[in-house]
Amino acid sequence: MAQSSIEWTEMTWNPTTGCTKVSSGCKFCYAEIMSNRLQAMGVEKYKDNFEVRIHPESLKIPYTWKRSKVVFVNSMSDLFHKDIPLQFIQQVFEVMNDNPQHIFQVLTKRADRLFELHKKLKWTHNIWMGVSVENGKVKSRIDLLRETNARVKFLSLEPLLSPLNNLNLEKIDWIIVGGESGHNPRPMKSDWVLDIQEQCKIANVSFFFKQWGGKNKKANGRLLNGRTYDEMPEIELQQSI
Ligand code: SF4
């Protein structure tokens with residue numbers, strides 16, 4: 001478990017590590033860059049760098065947290081990667097089911113495998129399920145997410161690489177928008193962001209603007225129309241399971 005600098009969460013928990021690229025949003029994968037660094041630093045968990053690995057020893061970590069947390073699951077991987085066995089995914093879900101005091105945010109680009117497996121998983125109220133959608137080509141991930149039994153469903157539109165007009169936001173609770181950062185980021189236009197914000201307003205979806213990104217993401221900041229937008233889905237933490 002580690003404190004996270006990601007604006008929409010508190011902590012990260014990585015029961016799996018490693019991944020392979022699936023779509024254009026993966027081009028400058030942060031998890032891959034970090035895995036390289038952590039391997040170079042000799043961190044045991046990353047000895048195989050970005051190869052997909054499961055870490056059963058990490059499953060006990062959430063039981064040790066003293067107060068309620070908001071946790072991004074697998075910031076260094078994709079839980080629905082084909083090389084992660086269903087049995088291990090079920091174990092990860094069991095840990096989340098056993099710890100309703102924490103919110104677990106699971107994000108995937110593998111919406112097809114999520115859809116394939118979703119009926120074999122127990123969706124307690126504290127599991128927020130999201131898909132990444134970076135451009136119009138992968139919009140179908142939203143339809144697959146919609147079919148799952150996750151109580152809270154969200155979209156991460158980051159890095160946003162194209163306009164995303166006329167999204168079907170039925171059953172979607174939360175949208176995060178962000179631009180790409182790094183040495184050679186692909187641009188995000190303000191019109192695209194404003195259009196998504198308007199769609200959220202109309203559909204009554206919580207809107208979180210993460211960052212503009214760019215070469216100097218700190219300087220570019222996270223103000224939109226002169227203010228920040230940090231909305232979160234409105235849910236009761238202690239609902240019955
Ligand atoms: S799916 Fe996520 S973790 Fe995997 S390569 Fe793409 S951006 Fe990286």
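In what follows, every heavy atom counts, from backbone to side chain, and hydrogens, waters and symmetry copies are set aside. Numbering of ligands and ligand atoms starts at 1, following listing order. Numbers here simply count residues along the sequence, with the first being 1.
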So if I count the atoms of ligand 1 from 1 in the order they appear, which ones are less than 4.0 Å from some heavy atom of R110?
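Reading through ligand 1 atom by atom, the close ones are 1 (S), 4 (Fe).
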
Could you list the atoms of ligand 1 found under 4.0 angstrom from a heavy atom of T20?
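Listed by number with element, the hits are 4 (Fe), 5 (S).
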
Return yes when at least one N/O/S atom of C19 is nearer than 2.8 Å to atom 6 (Fe) of ligand 1, and no when none is.
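It does not: C19 brings no N, O or S atom closer than 2.8 Å to atom 6 (Fe) of ligand 1.
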
Identify which of E134, M76, E32, K109 has a heavy atom lying nearest to atom 7 (S) of ligand 1.
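The option holding the nearest heavy atom is K109.
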
Would you check if the distance from the ring center of W174 to the ring center of F207 is below 6.0 Å?
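When the ring centroids of W174 and F207 are compared, they turn out to be at least 6.0 Å apart.
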
Tell me, which protein residue and heavy-atom name are nearest atom 6 (Fe) of ligand 1, and how many Å apart are they?
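For atom 6 (Fe) of ligand 1, the nearest protein heavy atom is C26 SG, 2.3 Å.
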
To the nearest 0.1 Å, how far is atom 8 (Fe) of ligand 1 from its closest protein heavy atom, and which atom is that?
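The protein heavy atom lying closest is C29 SG, 2.3 Å.
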
Does the [X] side chain pair with the main chain of [Y], one donor and one acceptor, at a distance under 3.5 Å?
X	Y	value
T108	V131	no
N149	H118	no
S4	E10	no

Are any N, O or S atoms from H81 nearer to atom 4 (Fe) of ligand 1 than 2.8 Å?
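Short answer: no, not a single N, O or S atom is under the cut-off.
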
If I take atom CD1 from residue I84 and atom CD1 from residue I89, how far apart are they, to the nearest 0.5 angstrom?
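Separation between the atoms: 6.0 Å.
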
If you look at every heavy atom in N97 and P100, which pair is closest and at what distance?
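Closest heavy-atom pair between N97 and P100: O-CD, 3.7 Å.
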
